[in-house]
Amino acid sequence: MHERTKNVDILKEIARRVRIDLLKALHRAKSGHTGGSLSSVEILVSLYFSELRHNPKNPRWGDRDRFVLSKGHGVPALYSVLAHAGYFAREELMSLRKPGSRLQGHPEYDLEIGIEATTGSLGHGLSAANGMALAARMDGKDIRIYALLSDGELQEGASWEAITTSSYRKLDNLCAIVDRNRFQNDGAMKDIKDIEPVPDKWRAFGWEVETLPDGHDFPSILSAFEKARQTKGKPFVIIANTIKGKGVSIFENQGKYHGVAPTDDELKVALNELGEAA
Amino acid sequence: MSRTQISDFLVDEVTEHVYIRETYGKTLVELGREYPNIVVLDADLTVSTKTNLFGKEFPNRFFTMGVSEQDMMGTAAGFALSGKIPFASTFAIFATGRAWEHVRQSIVFPKLNVKIVATHAGVTVGEDGATHQALEDIALMRVLPNMTVIVPADAVETEKVIRTIVNHKGPTYVRLARAKFPTIFKKSYEFEIGKARVLREGKHVTIFAVGIMVCEALEASKILEREGISACVVNVSTVKPIDVETIVKAASSTGAVVTAEDHNIIGGLGGAIAEVLGENYPTLMKRIGMNDRFGTSGDGLQLLEYFGLKARNIVQAAHELLEFNSQKKSVVL
Ligand SMILES: Cc1ncc(C[n+]2csc(CCOP(=O)(O)OP(=O)(O)O)c2C)c(N)n1
């Protein structure tokens with residue numbers, strides 16, 4: 001099994017390097033989703049370096065915990081985390097979005113690189129996670145299933161169908177995380193189609209809810225995962241308040257960086273801020 | 001047609017490449033000024049589909065539906081039931097895939113006057129990859145009774161199509177793409193729903209094409225001409241209702257047919273032409289398109305190359321047909 005840590009300094013350093021690599025990959029690809037990749041970094045680093053039982057050297061291990069990236073467009077962050085965890089070489093990140101590459105623009109099911117489900121069309125991932133959680137229960141497996149959703153994704157009706165299934169089936173082996181950066185493709189969610197109050201809605205749908213004021217703070221993310229593991233009889237959701245574009249000042253809370261890659265100049269600024277010479 | 005049998009509608013040389021979705025956005029704004037009944041709905045892709053241009057000028061007739069494509073189609077149905085002319089836009093995969101059954105039940109079955117104008121169809125979507133490349137949308141829309149399905153070939157045709165469908169009562173699907181399209185038509189080009197346009201007459205092989213592949217088909221006809229093969233090129237921009245008369249005539253004038261589309265060869269233009277010819281004038285044919293496979297990430301226009309959707313692939317198909325036909329003839333003789 002992969003070594004896990006709760007050392008915040010180590011996790012912070014991994015997050016910094018994950019950001020650097022995902023930005024370089026996006027820059028090389030000249031397209032992709034910058035803002036929503038950066039907002040998920042601490043959540044993904046917490047999962048792969050502290051929470052999940054998994055083995056990058058044995059990606060088909062039957063008793064691994066499962067993770068589904070329902071907000072598939074944020075996959076540059078996941079690829080970077082998977083590379084750092086040892087699923088594949090960091091150099092492969094530079095093949096992002098190229099023909100035939102394993103690192104496609106949106107995640108395609110491929111256990112060799114640690115991708116558990118094909119996503120990218122929003123509103124699909126939690127259903128797949130439900131299926132995995134039901135199967136694990138059926139097989140008497142003591143494993144946990146995690147799914148990361150975006151807040152814009154909660155505008156999809158299919159998301160709420162899945163949210164209902166999880167609670168009706170009392171899937172306490174399932175933990176959902178919402179990357180609540182309050183932006184979607186076209187701008188701030190409140191200007192497009194507001195979906196608040198998000199925590200109350202999940203609660204009304206039968207979930208145990210934990211809201212994190214700062215979804216980039218490792219200790220609070222880790223303790224929320226701990227609580228999730230201890231919760232019985234209900235699915236657990238962590239609503240993580242995050243900052244779209246987190247970690248690079250020029251991208252933070254800037255709606256327009258949702259679906260574009262960093263330019264040469266922007267990459268320089270970003271690497272500089274992240275303490276890496278270009 | 002001039003003596004060279006090339007349509008007067010064609011430019012002499014391609015000099016312009018245009019985002020046809022931008023043409024859509026601009027045309028919608030102009031129509032908005034003429035038609036107070038037009039309302040526009042979009043599912044969180046307004047910058048990509050270019051409906052944002054309409055939104056800026058007519059904020060009160062513009063509805064951002066969020067990432068809720070099914071809800072958007074249902075809402076468009078409600079607008080149509082209340083006398084409005086709704087245009088609903090998003091990426092083709094979500095408009096026709098995600099929302100298919102809402103489109104079928106709420107819009108097309110009751111013949112409602114909803115204009116679904118979807119962008120980002122085909123592999124030319126590019127880097128977003130297979131999940132976002134609609135290769136089935138023509139098939140999914142064409143299979144619905146009452147539906148009109150239109151695939152413009154360039155910016156000039158896109159503008160004419162959008163202007164035409166405003167006055168056409170009934171459900172309509174227009175397929176647009178992300179990449180820049182070469183402008184092949186002069187401003188004088190005439191579009192008519194249900195009319196296929198012969199762009200070039202020929203004796204040996206007929207190429208039926210839609211969308212960006214019309215330009216590739218014309219390119220192919222030039223290559224073939226240099227080889228002494230005369231190719232007829234037909235723009236089948238209305239895939240439904242399909243122009244049986246023109247198609248049968250064009251196919252029977254050569255006896256060899258190639259179809260070309262940025263779509264699965266199953267169910268799309270190739271399928272539609274095969275249906276028409278199978279029942280009216282059985283003709284040997286080859287289909288150029290996505291050969292029953294999914295796409296991949298990559299530069300949109302380079303992917304046409306990657307998947308064999310270029311002029312030279314059409315040329316090769318023509319060669320194979322002509323060779324087969326000549327062998328067949330010698331056997332018969
Ligand atoms: C079903 C579906 N509709 C539309 C899209 C296009 N799209 C990609 S990301 C996005 C919205 C992004 O906002 P959000 O879901 O909040 O993600 P984040 O802000 O975390 O990047 C949209 C509309 C999609 N991927 N899937």
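What you see is a predicted model; the values in this text were computed from it and never measured. Only heavy atoms go into these numbers, but all of them, side chains included; no hydrogens, no water, no symmetry mates. Numbers restart at 1 for each chain; the letters A, B, ... are given by sequence-line order, proteins then strands.
Of all the heavy atoms in A:G123 and B:R98, the pair that sits closest is CA-NH2, 3.9 Å. Nearest heavy atoms, B:A130 versus A:E108: CB-OE2, 3.8 Å. When all heavy atoms are compared, the tightest approach of B:S297 to A:G105 is OG-N, 2.8 Å. The two residues B:D128 and A:H106 have their closest heavy-atom pair at O-ND1, 2.8 Å. Nearest heavy atom pair, residue A:P99 against residue B:L303, reads CG-CD2, 4.2 Å. A:Q104 approaches B:G129 most closely through the heavy-atom pair OE1-CA, 4.5 Å.
Annotation: side chain of A:D186 is in contact with side chain of B:V47 (closest heavy-atom distance under 4.5 Å). For the pair A:S121 and B:T131, the minimum side-chain heavy-atom distance is 4.5 Å or more.
Among B:L45, B:T64, B:V67, the one residue that satisfies the side-chain contact (heavy atoms from CB on, under 4.5 Å) test with A:Q184 is B:V67.
Applying the 6.0 Å contact sphere to CZ of A:R28 captures no more than 12 heavy atoms from other residues, nucleotides or ligands. Heavy atoms from other residues, nucleotides or ligands lying under 6.0 Å from CZ of A:R169 number 12 at most. Heavy-atom neighbours of A:Y109 OH from other residues, nucleotides or ligands within 6.0 Å: at or below the threshold of 12.
Contact check on A:K193 versus B:D44 returns no salt bridge, with no Lys/Arg side-chain nitrogen under 4.0 Å from an Asp/Glu carboxylate oxygen. With respect to the salt-bridge test (charged N to carboxylate O, under 4.0 angstrom), the residues A:K98 and B:E127 do not qualify.
With a threshold of 4.5 angstrom between heavy atoms, A:S159 does not approach chain B through any atom at all. Proximity to chain B is limited to the side chain of A:H33, based on heavy atoms less than 4.5 angstrom apart. For a residue to count as touching a neighbouring chain, one of its non-hydrogen atoms must lie under 4.5 Å from one of that chain's; by this rule A:D194 does not touch chain B. For chain A, no part of B:Q302 is nearby; none of its heavy atoms comes within less than 4.5 Å. When heavy atoms are compared at a cutoff of 4.5 Å, B:F63 does not approach chain A at all.
Note on A:G157, A:A158, A:G100, A:S101: by heavy-atom pairs under 4.5 Å with chain B, the leading option is A:G100.
How far CZ of B:F294 is from OG1 of A:T118: 9.5 Å, rounded to the nearest 0.5 Å.
A donor and an acceptor atom, one from each side chain of A:E156 and B:S68, are nowhere located under 3.5 Å apart.
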